[in-house]
Amino acid sequence: MSGPSRRHWGYDLLKLSGLRSGVLYPILRRMLEEGWLKDGWEDPAEITGRPPRRYYELTEAGVVALGALAAPSPRPTQPATLRSGPVFS
Amino acid sequence: MIAEVLSLKGAWSTFLLSIFVFGLAPGAALRLILLMFPKDDPRRKELIAELYAIPRPNRPFWVAEQIEVATFEGLPGRLEARKTRKANQKRKDISDPEFHGTGSIRVRSYRRSIAGSLPASKVTLVAGVPALLVMEGAPAALPVSVAGLGFFLFLLPRPCEAGTAAGTLCRRRARGLLGGCHNRRHKMENAWRVVPTLLRPLVVQHTRANSRTRANSARMKGRPGDRATRHSASTRVTTIGSVGSSVAVIISLGAWLFPT
């Protein structure tokens, strides 16, 4: 989600994330179940010539959770020392 | 310029194919794919709405991707919903005092036997008897039409559909227009329904059609739109078949007795 307060719809998210439908939609469903996202429908009175779309919006819990995921790690993830050579000696 | 392009060899077929692939097919295919989702799943409406926002050249590929979504996200929910619905139906059937079924397999095979017997009976009635009458004459047509009448009156599987105390139609298995389920009152009631109004006083004098049978038969006229009181298609076919084969018997008998 590029902007936490913005509303996005599925195809929009597909383009932004570069994921395939088979990956993105299950993620969206799980995030909805976790309460990280809320969904809704466009107002039919405001649109013409197409059916109303379903939009997704981050909840506060989602912002916190995704913020924690996106925050830079305080320690480098790579081990400080890597052993080289055969594992079994 | 478009006219010139369309005048080229094979242009029309390509034009029509592209209209189909990029115009009609994605919407139709998507709607079929969405049947894999449960009926109340918002994903159905969502994907339809998104289809119209996708650029036309990308639509076939996007629709093809939805097969994966529907298979892994929609189908499990749909199957689960179906299982729940069947379990609820079974529970409801067992709690119904009029139900004495012995399992879904037998009910399914019974439905199949109804479905299979209807076309065969219609073909026999519509084509068989007149053809025999013309080709072989009354001696051949009469036994066939009598057999057809017997089939419709006593053999064709259908629901009993006599009135129950709950004000619904009995859904137990029965055979033929005159038949009923194992409940004797239901048999009487079904037989009573086919007695012409003019003959009813005569029948009351000479049979055991009691007042309850007569009252129930009159009450169960069937409320439109109410499945519990609406007669089934097989009963309607049985009725039409009985009338038709009665006419066939009369005509065959007439042709036999009074040859031209």
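Predicted model only: the values in this text are computed from it and were never measured. Convention: sequence-line order gives letters A, B, ...; per-chain numbering from 1.
Pairs engaging residues 12-28 of chain B under the salt bridge (charged side-chain N to carboxylate O under 4.0 Å, His left out) rule: none recorded [sequence neighbours left out].
Of all non-hydrogen atoms in B/Ala49 and A/Pro52, the two that sit nearest each other are CB-O, 3.2 Å.
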Output the donor-acceptor atom pairs between chain B and chain A under 3.5 Å, with atom names and distances to 0.1 Å.
from	atom 1	to	atom 2	distance (Å)
B/Asp41	OD1	A/Arg29	NH2	3.4
B/Asp41	OD2	A/Arg29	NH2	2.8
B/Arg43	NH1	A/Tyr56	OH	2.9
B/Arg43	NH2	A/Tyr25	O	3.2
B/Glu46	OE1	A/Arg54	NH1	2.9
B/Glu46	OE1	A/Tyr56	OH	3.1
B/Glu46	OE2	A/Tyr56	OH	2.7
B/Glu50	OE1	A/Tyr11	N	3.4
B/Glu50	OE1	A/Tyr25	OH	2.5
B/Glu50	OE2	A/Gly10	N	2.9
B/Glu50	OE2	A/Tyr11	N	3.4
B/Glu65	OE1	A/Ser21	N	3.2
B/Glu65	OE1	A/Ser21	OG	2.7
B/Gln66	NE2	A/Ser21	OG	3.0
B/Glu68	OE1	A/Arg20	NH1	2.8
B/Glu73	OE2	A/Arg29	NE	2.8

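For a residue to count as touching a neighbouring chain, one of its non-hydrogen atoms must lie under 4.5 Å from one of that chain's; by this rule A/Leu24 does not touch chain B. Interface remark: B/Ile67 contributes no atoms to any contact with chain A (heavy atom separation under 4.5 Å).
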